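To start, the structure under review is shown below, and the notes come after it.
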Amino acid sequence: MSESALSKHPCYNEEAHHHFARMHVAVAPKCNIRCNYCNPKFDCVNESRPGVVSEVLSPEEAGERVAQTMAQLPNLSVVGIAGPGDPLANAEETFRAFRIIASLDPDIHLCLSTNGLMLPDHVEQIKELGIRHVTVTMNAIDPDIGALIYEKVAYNGQLFRSREAAALLIERQLRGIGMLAKAGVLCKVNSVHIPEVNGEHLREVTLKVKELGAFSHNIMPLILSPGSFYEKMGFRAPTNEESIEVQQASAQIMKVMRHCRQCRADAVGMLGGDMSQTPELLPDALYFDKAARDAHQERILSKMKGLDAEPQGDWSQSVRVAVATRGSGEVNQHFGHAKEFLVYEVNSSGESRLIGVRKVQAYCNGMAECGDDGSGAARIFSETVQMLKDCTLLLCSGIGKAPSNKLRYVGIMPIVCKGDIDKQLEQNVRYMSYFASSCN
Ligand code: CLF
Ligand code: SF4
């Protein structure tokens, strides 16, 4: 594995996601399969959350947007194509866009995300273009389980359904993953966790893709597109505990990703701060200064701690801590402004590991008492508490008196602090343990 291919990629390296940004260009509208959780009116759910479908760009427009964004975001290190359909069902546009982007700056990392059906036909081209990261979304290796997930597959002018469709798709996904590994392309496997369908099967998927040479496994909770078959049939997303349990089982086998944001096909910015819906932030400039960008990224790399590894300590006595952050690997976000919290486990030796990201609605609406106007704020607060109810501590850079008191009341201790997340986790959990033992 090449360290340089990993150090700046926010999805392949957890620490990099605190510092580096990615950009998706939505050049791929068509899809060649139908997943039961998908509604084609929305972005591909295998890497996205349902929202208004991303505006489709031509490869040339995509190149212009990337140049603009490179001028605006010196920490932009990766450009990916992930939809809104399947990039390899739109291979001509996808590869043309990658060629244009690579000609802007050969050092930008190119990243592709696919359902894998057409992957075996394109591995050569992927390698030749210097695409170093490919994600394959693979939800089952057993065609009987796959038949519950995929409605149909269109391949070579023929339409396949049910078990036959799943068997064809799975065979091509596995072949493609093996070919990527042999070609030296880092392959991440995404799986959608559908509790009653593949919850207990995902460990087998991990075992198989590891055997084939995949780099990591990203198990994402099901998000139902409105109007999809699963939505109509009442399928449900896993609970936070179910997600953690399934991820821990796979983490015994290989590296798992726990910081995925299931971002849009046109997402721009840090994983935790999508700017795609605020286009006024992007200037018209088509000129970017490569030397300044390179120097900026070198400075970031010099401050990073290196590649993350799964901590091997004893987690039986661990506590869970929610952290409000805007990036840079620091506690630096006010509770009321947080749209997500990173949830860590900290063990008795002070080691910490990320176990998930909890999306919430920002609590503060500008009222003096942090949104405590007695109306919508009460609902938002109770939803946030519901998302963080397994946490004992909450670290943030500030919090109003009213929410602070209410959090204590439900058993979550807010601590106002700033600085490096790992250090703050260690210090505050030690302090809490000391305090608890002195009181006994
Ligand atoms: Fe985009 Fe995907 Fe590349 Fe990352 S996203 S194509 S690997 S650059 Fe990342 Fe977004 Fe999760 Fe995807 S957080 S949905 S895993
Ligand atoms: Fe929808 Fe599945 Fe195609 Fe993605 S791969 S666009 S989720 S049918």
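Only this structure's heavy atoms are used, side chains among them; waters, hydrogens and symmetry mates stay out. All figures in this text were calculated on a predicted structure; none of them were measured in a lab.
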Check whether any side-chain N or O of Arg320 sits under 3.5 Å from a backbone N or O of Leu388 as a donor-acceptor pair, and report yes or no. no
Knowing that exactly one of Glu345, Met257, His259 qualifies, which makes a side-chain contact (heavy atoms from CB on, under 4.5 Å) with Leu354? His259
ring-ring contact (aromatic ring centres under 6.0 Å, His included) partners for Phe341, two or more places apart: Phe335
All side chain to side chain contact (heavy atoms under 4.5 Å, CB included) counterparts of Lys290, not counting sequence neighbours: Asp105, Asp107, Phe288, Asp294
Flag for Lys188-Asn190: side-chain donor and acceptor within less than 3.5 Å: yes
Heavy atoms of other groups near Glu245 CD, more than 12 under 6.0 Å: no
Going by the rule salt bridge (Lys or Arg N to Asp or Glu O under 4.0 Å), which residues pair with Arg236 if we only count those two or more places apart in sequence or in a different chain? Glu196, Glu242
For Leu222 and Val192, which heavy atoms make the closest approach, and how far apart are they? CA-CG1, 3.7 Å
Non-hydrogen side-chain atoms of Val360 and Glu383 separated by less than 4.5 Å: no
Closest heavy-atom contact between Ala251 and Val256? N-CG1, 3.6 Å
With a 4.0 Å cut-off, would you call Glu171 and Arg175 a salt bridge? yes
When you measure from the side chain of Gln262 to the backbone N and O of Pro221, does any donor-acceptor pair fall under 3.5 Å? yes
What's the spacing between Asn428 CG and Met413 CE if we round to 0.5 Å? 10.5 Å
Donor-acceptor contact below 3.5 Å, side chain Thr114 vs main chain Val136: no
Do the side chain of Arg293 and the main chain of Ala71 share a donor and acceptor less than 3.5 angstrom apart? no
Hey, are the side chains of Leu169 and Ile33 touching, using non-hydrogen atoms and a 4.5 Å cut-off? yes
Looking only at heavy atoms, what is the nearest atom pair of Gln248 and Ile355, with distance? NE2-CG2, 4.3 Å
Those residues that, when tested against Lys210, pass salt bridge (Lys or Arg N to Asp or Glu O under 4.0 Å) (two or more places apart): none
Donor-acceptor pair, side chain of Asp86 and main chain of Ala89, under 3.5 angstrom: yes
Does any donor atom in the side chain of Lys418 or Ser397 lie under 3.5 Å from an acceptor atom in the other side chain? no
Among Gln247, Lys255, His217, side chain to side chain donor-acceptor pair (under 3.5 Å) partner for Thr206: His217
Side chains of Ile415 and Gln427, heavy atoms from C-beta outward: is any pair under 4.5 Å? no
Can you label the angle between the His9 ring and the His133 ring as parallel, tilted or perpendicular, going by 30° and 60°? tilted
Considering all heavy atoms of both residues, which atom of Cys111 and which atom of Val78 are nearest to each other, and what is their separation? CB-CG1, 3.7 Å
Report yes or no: does Asn36 contribute a side-chain atom to a donor-acceptor pair with the main-chain N or O of Phe229 at less than 3.5 Å? no
Less than 4.5 Å apart, any side-chain heavy atom of Val185 and any of Val123? no
Where do Ser191 and Val205 come nearest, in terms of heavy atoms and distance? OG-CG1, 4.1 Å
Should Trp315 and Arg353 be marked as a side chain to side chain contact (heavy atoms under 4.5 Å, CB included) after you check the CA-CA gap, both sets of side-chain angles, and the distance that decides it? CA-CA 10 Å; Trp315 298 93; Arg353 63 177 182 184; 3.6 Å; yes
So, Asn347 side chain and Glu351 main chain: donor-acceptor pair closer than 3.5 Å or not? yes
NZ/NE/NH1/NH2 to OD/OE distance under 4.0 Å, Arg99 and Glu128: yes
Working to the nearest 0.5 angstrom, can you tell me the gap between Leu168 CG and Leu117 CG? 6.0 Å
Should Asn39 and Glu231 be marked as a side chain to side chain contact (heavy atoms under 4.5 Å, CB included) after you check the CA-CA gap, both sets of side-chain angles, and the distance that decides it? CA-CA 10 Å; Asn39 175 345; Glu231 199 240 6; over 6 Å; no
Contact between Leu174 and Ile141 at the side-chain level, heavy atoms closer than 4.5 Å - yes or no? yes
Where do His24 and Ala265 come nearest, in terms of heavy atoms and distance? CB-O, 3.1 Å
Would you check if the side chain of His17 reaches a backbone N or O of Glu14 as a donor-acceptor pair within less than 3.5 Å? yes
Starting at CD1 of Ile126, measure out to CG of Leu110 and round the result to the nearest 0.5 Å. 11.0 Å
Indicate yes or no for a side-chain donor-acceptor contact from Ser77 to the backbone of Lys8 under 3.5 Å, with no hydrogens or angles considered. yes
Student check: side-chain heavy atoms of Asp266 and Glu55 closer than 4.5 Å: no
Which residues pass the side chain to side chain contact (heavy atoms under 4.5 Å, CB included) test with Glu330, sequence neighbours left out? Ser328, Asn332
Would you say the side chain of Gln68 lies within less than 4.5 Å of the side chain of Gln72, judging by non-hydrogen atoms? no
Would you sort out whether Val56 and Glu93 count as a side chain to side chain contact (heavy atoms under 4.5 Å, CB included), showing the intermediate values? CA-CA 11 Å; Val56 175; Glu93 293 81 0; over 6 Å; no
Say whether Gln386 and Arg358, considering side chains only, have a donor N or O and an acceptor N or O under 3.5 Å apart. no
What residues, two or more places apart in sequence or in another chain, satisfy side chain to side chain contact (heavy atoms under 4.5 Å, CB included) together with Glu92? Arg96
State, with a plain yes or no, whether a side-chain heavy atom of Tyr12 is found less than 4.5 Å away from one of Thr135. yes
After noting the C-alpha distance and the side-chain angles of Ile81 and Val27, does the key distance pass the side chain to side chain contact (heavy atoms under 4.5 Å, CB included) rule? CA-CA 7 Å; Ile81 301 184; Val27 297; 3.8 Å; yes
Donor-acceptor pair, side chain of Thr94 and main chain of Pro87, under 3.5 angstrom: yes
Short side-chain donor-acceptor distance under 3.5 Å, Asn139 and Tyr37: yes
